[in-house]
Amino acid sequence: MENNKIIDIQKLFKHFPMGTGKFTALNGIDLQFSKGEFTGVIGPSGSGKTTLLNIVGTLDTPSEGRVTVLGQSVGELGAKAAANLRKSKLGFVFQSYNLLNVHTVFENVEFPLLLLGIESGRRRKMVLDALEWVGLTSKIKSRPAQLSGGECQRVAIARAMVKKPEIVLADEPTANLDAANSHHIIQTMESLNREFSTTFIFATHDDKVISYVRRKIYLADGKLAKDEHIPAK
Amino acid sequence: MIAIRLALRNLIGAGLRTWLNVIVLSFAFVVIIWHKGLLDGWHNQARAETIRWETGGGQFWHEAYDPFDPFTLEESHAVLPEAMERLVSEGVLTPMLITQGTIYPSGRMLNILVRGIDPAQEIVAIPSGKLDTASDAIPALIGSSMAASSRLKKGDVVILRWRDSNGAFDAAEIEIAEVFRTAVPSVDGGQIWIPLERLRQMMLLPGEATLLVKGEEAALPAAIKGWVYKDLSSLLSELDDMIKTKTAGGSVLWAILLLLAMLAVFDTQVLSIFRRQKEIGTSIALGMTRMQVVGLFTVEGAMHSVLAAALGAVYGIPLLAFQAVRGLSFPVEGSDYGISLPDRIYPVYSLKLILTTVLIVFLMTTIVSYWPSRKIARMRPTDALRGKVQ
């Protein structure tokens with residue numbers, strides 16, 4: 001792995017059983033991601049964006065090829081090692097937020113830190129810091145049902161960022177949000193990316209998100225169609 | 001610790017669903033403990049009353065005596081050996097002679113057992129002192145159940161007919177000196193108690209007895225030829241067996257109750273796993289292994305029983321303590337059923353009973369919580385995140 005290459009994907013295939021045959025979701029992808037990237041994986045529904053993110057996020061395994069995340073080969077990781085990698089180094093942001101409804105905002109953001117076994121005082125400070133990054137310190141006792149969609153997604157970002165992961169994988173993070181909230185969410189993530197050098201990889205087909213990313217990877221029918229780096233403005 | 005913490009958060013957050021299960025489970029706790037406590041209390045009282053009224057601390061039976069075979073009564077008596085006479089005079093044993101007889105209350109004919117008892121004895125609770133009268137008629141004691149069935153009351157005179165040891169029939173008037181109340185039907189129904197010496201004279205069996213009752217605290221005398229010693233476990237075996245049968249019957253009741261409570265927990269778990277797929281997927285994405293999520297859901301289900309124990313304690317302890325002090329009365333006489341049923345039963349709730357019940361309910365809840373949770377171990381996290389698991 002090169003110095004700042006944190007994700008290395010070589011000849012990645014992913015097949016799913018379909019009837020008596022199989023459906024190929026990813027078809028020979030070769031990609032590398034560097035630390036601090038702010039990248040969009042772009043393509044229509046069924047192009048393989050979410051599958052790619054799931055494999056990079058160790059939630060799924062390659063059918064063929066090799067995916068190395070932070071020096072660890074995803075296909076060879078055991079369940080516990082994969083869980084440890086997700087717990088300590090990866091953050092996730094989902095389209096429908098996936099907050100724990102019976103928990104408060106504070107408890108939702110605290111959840112990854114509980115899994116890491118961080119002691120109470122430090123945990124509290126880290127949660128409050130994360131909520132400050134997303135501007136939600138006034139809502140710590142609220143439950144997800146009491147928040148707007150934009151606020152929920154900001155809580156999800158705080159939950160993903162609270163442990164300061166190396167990589168955040170965001171699957172259609174703005175799909176359920178209006179334009180204003182979408183811009184706000186992307187700007188929040190961009191500022192976190194700049195402040196902590198966290199690598200952000202988005203699966204999206206939202207033009208608002210696409211307008212912010214600094215690298216655009218286009219997928220079509222599971223194949224890499226285009227990999228475009230945007231020059232810094 | 002994390003699992004317990006998260007499970008508690010989830011349970012409290014789930015609100016009504018949790019509390020409905022907890023209420024049903026706590027009800028199961030309280031009813032099981034109450035029912036078992038009632039049976040234990042009844043058992044203890046029935047044993048204590050039977051010891052007090054009938055068996056004493058043990059009995060010596062004439063070797064031919066069989067309480068279930070009245071035809072053996074003619075042969076099942078003998079003169080007391082010297083060693084026994086000494087123990088009788090020391091108050092360690094009290095002799096009883098038993099024979100068959102017939103009484104004719106209000107022109108009806110009732111076959112009965114006539115029991116001779118020493119009026120001075122203090123080993124059993126039969127109020128034999130009331131037999132120590134100067135009346136011409138033979139004084140007799142009967143129990144309240146016998147009084148009801150024969151329609152006899154204190155002061156009534158009735159003809160008693162018996163057959164002496166030579167086979168000759170004889171008859172005399174007996175006067176009811178006292179009607180006693182007892183919870184032990186085996187000293188009541190179909191029996192009259194008269195002074196031992198009078199019965200010996202009537203039967204022409206001087207110095208003889210059918211059985212001897214030992215004082216509760218008295219030491220066990222050495223074996224005596226011609227007499228068989230029956231200890232308490234043997235004398236109370238019928239009662240113990242009956243309580244065991246009642247306990248087994250009662251177990252069906254609380255097994256059904258527990259089954260209903262377990263069904264509620266199982267149903268909640270199945271529903272939870274179906275409804276909370278995204279949460280399961282998210283937990284895995286955030287760094288939990290599938291087995292940790294299985295553990296979390298199992299702990300969550302099992303904690304229903306912990307909360308139920310706490311809730312059950314809140315209303316169960318005062319309720320059960322009140323019953324333990326006040327007792328529970330039954331509208332029927334136990335002797336009507338041929339069982340020892342005191343006027344009031346005082347339930348006994350031992351620590352063992354409570355701990356065993358809590359442990360059984362906890363283990364069962366854990367098992368029914370784990371059972372559906374195993375499905376999580378087979379879930380693909382990506383499907384769970386999309387809520388696609390059927």
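A, B, ... follow the sequence lines: proteins, then strands. Residue 1 opens every chain.
Neither the backbone nor the side chain of B:R276 comes within contact range of chain A; no heavy atom of the residue lies under 4.5 Å from a heavy atom of that chain. Contacts between A:S96 and chain B at a heavy-atom distance below 4.5 Å involve the side chain alone, from C-beta outward. Only the side chain of A:L100 comes within contact range of chain B, judged by heavy atoms closer than 4.5 Å.
For A:F38 and A:F202, the ring centers are positioned less than 6.0 Å apart. Two rings, from A:W133 and A:F196, have their centers less than 6.0 Å apart.
Ranked by heavy-atom pairs under 4.5 Å with chain B, the list A:K87, A:Q95, A:K163 is led by A:K87.
Of the charged side-chain nitrogens involved, none lies within less than 4.0 Å of a carboxylate oxygen, so that A:E110 and A:R159 do not count as a salt-bridged pair.
The side chain to side chain donor-acceptor pair (under 3.5 Å) with A:T24 is formed by just one residue from the set A:H15, A:K223, A:E64; it is A:H15.
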